[in-house]
Visitor: 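One structure coming up, written as structure tokens, with questions to follow.
Order of the sequence lines fixes the chain letters, A, B, ..., with proteins taken first and strands second; residue numbering starts at 1 for each chain.
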Number of protein chains: 2
Amino acid sequence: MARQSFSEHEVEQRRAGILEAAMTLFESGGLEAVSFRKVAAVLGCSYAAPYRYFPGKDALLVAMRAQAFRWMEREMLAAIRPQDPPRQRLRSLAEAFIRAGVGRPQRYALMFFGLTEGAGGPRSLELAAAKRDALDVCTRTVEAAQAAGELKLAVDPLTASHLFWAGAHGLVSLEVAGQLVMGRSLDELVPPMVRTLMQGLEDPQGLLLRQGRS
Amino acid sequence: MARQSFSEHEVEQRRAGILEAAMTLFESGGLEAVSFRKVAAVLGCSYAAPYRYFPGKDALLVAMRAQAFRWMEREMLAAIRPQDPPRQRLRSLAEAFIRAGVGRPQRYALMFFGLTEGAGGPRSLELAAAKRDALDVCTRTVEAAQAAGELKLAVDPLTASHLFWAGAHGLVSLEVAGQLVMGRSLDELVPPMVRTLMQGLEDPQGLLLRQGRS
DNA sequence: TGGATAAAGTTGACAGTATTAATTTAATAG
DNA sequence: CTATTAAATTAATACTGTCAACTTTATCCA
């Protein structure tokens, strides 16, 4: 006796459409270029229509951030080749993270510079999952290297992957924000950073066993 | 034959007043609580008056960021006691940075999460100087440790201080943004991070000379 | 002392924004 | 065909940054 509600799939499709439009605006003009009204204009609907699929702008931004984390996860996964030794995979991972972030500074800023965490609505579960999955790529790689005996950690693998993640993020973050002193390009800093992270994670005995280096 | 312009000092005083009002608003309600109109309301002037001292909101935010960097510089300087050995000073520096940032997450976010760098107006020179001075505290401490023979760097001191800075920032940044996996408190991560940074910066030979360990 | 002058400050206006409420459209079940 | 109701649109409110026109006011000079 009434108009049938949209199926879950249809709703998801509309959400995806809104998200895509928002992302397109974001890529071309940064956060300032993202507004419900512009999104609606791109989609050809009225400016209040998206409210049916996102309770507010915060929710839209959260979804955008989750998407950015998914992208980063893909970038990292694409960089680690199974045939490489675990230690090399860890290096590739760090390099991929850094280069992806620096290559798309706006997207990277969207990921990490979200100041309003948004009180954890139902949709921030998706964001949390996206973050966890991205970090998991890192954690698994660290664990694999340790399991293969190629990495002697001075701390537990989870802590190690957090430190690894934090170090890589710190470097990208500073570069993206233009904080690195002029004249020092990222190419100068990436290799020492990766080496510092790898080396710093290991206990001295591990270093001794393999005579240091790399 | 005309009303005398304000002296440089008077202008600076008004700028400082606006800045202070903006900071107060920021501390209590985040970036959303900062607007020219609210600042003016606090100061008791009309909403367009601040435009005489800041060309726009971006310029105001830049000045706020510079002030935050100056604060961080003071925090770090207060933490390094001259009587401590250089190595200990470096550790204290890192701890101070991390604890200051985590203790005031909003202010920290203001420092590093400024997405709009603002095309470098005349006032962003002050921001650049504030950033440089803060980083210099770190660089000088690293150099002192190296000069005292207490730190055998694997890279040049400037690169080392950048890595140090990046690592500390990465950790704080993740904590502030709530990216660290739940259950892992900062107290768990700070000591390993500091050790990782210190250890990672050193060349293997230096480690050998002092038998490893921090 | 009495304008003239120009800086400092105020007000009004415009274009945008997020968000909510009221309204309209349209599909479908009976 | 009609009642129902989800979806979409429109109207409206309360903000925002920014600029232009206007008013106030302190000073200098005649």
Visitor: Could you tell me whether B/Arg15 sits above the aromatic face of B/Phe54, with NZ or CZ closer than 6.0 angstrom to the six-membered ring centre and within 45 degrees of the axis?
Guide: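 Flagged: B/Arg15 positioned over aromatic ring of B/Phe54.
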Visitor: Summarise how protein sits on nucleotides 13-23 of chain C as a single string, 5' to 3': B when a protein heavy atom is under 4.0 Å from the base, S for sugar-phosphate-only contact, - for no contact.
Guide: B---SBB----
Visitor: What residue pairs, at least two apart or across chains, pass ring-ring contact (aromatic ring centres under 6.0 Å, His included) with a residue in residues 65-94 of chain B?
Guide: B/Phe69-B/Phe112
Visitor: Rounded to the nearest angstrom, tell me the gap between atom CG in A/Leu31 and atom P in D/dT16.
Guide: 19 Å
Visitor: Strictly below 4.0 Å: does B/Gln4 bring a side-chain N or O up to OP1 or OP2 of D/dC28?
Guide: yes
Visitor: I need the CD-C1' distance between B/Glu8 and C/dA7, as an integer number of Å.
Guide: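 Rounded to whole Å, this separation is 15 Å.
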Visitor: Between B/Arg37 and B/Tyr47 (side chain of the first, backbone of the second, donor and acceptor by atom type, cut-off under 3.5 Å), is there such a pair?
Guide: no
Visitor: Just N and O in the side chain of B/Tyr53: are any of them under 4.0 Å from OP1 or OP2 of C/dA7?
Guide: no
Visitor: Look at the side chain of A/Ser46 and decide which nucleotide, out of C/dT11, D/dA7, D/dT9, has an atom nearest to it.
Guide: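 Looking only at side-chain atoms, A/Ser46 lies closest to D/dT9.
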Visitor: Would B/Ile80 and B/Asp84 count as a side chain to side chain contact (heavy atoms under 4.5 Å, CB included) if you check the C-alpha gap in whole Å, the side-chain angles of each, and the deciding distance to 0.1 Å?
Guide: CA-CA 8 Å; B/Ile80 51 178; B/Asp84 283 345; over 6 Å; no
Visitor: Quick one: side-chain contact (heavy atoms from CB on, under 4.5 Å) partners of B/Ser7, sequence neighbours excluded?
Guide: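 B/Ser7: side-chain contact (heavy atoms from CB on, under 4.5 Å) contacts with B/His9, B/Glu10.
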Visitor: Could you check how far CZ of A/Phe6 sits from C1' of D/dT5, rounded to whole Å?
Guide: 13 Å
Visitor: In terms of heavy-atom contacts, does CD of B/Glu20 have more than 12 from other residues, nucleotides or ligands at under 6.0 Å?
Guide: no
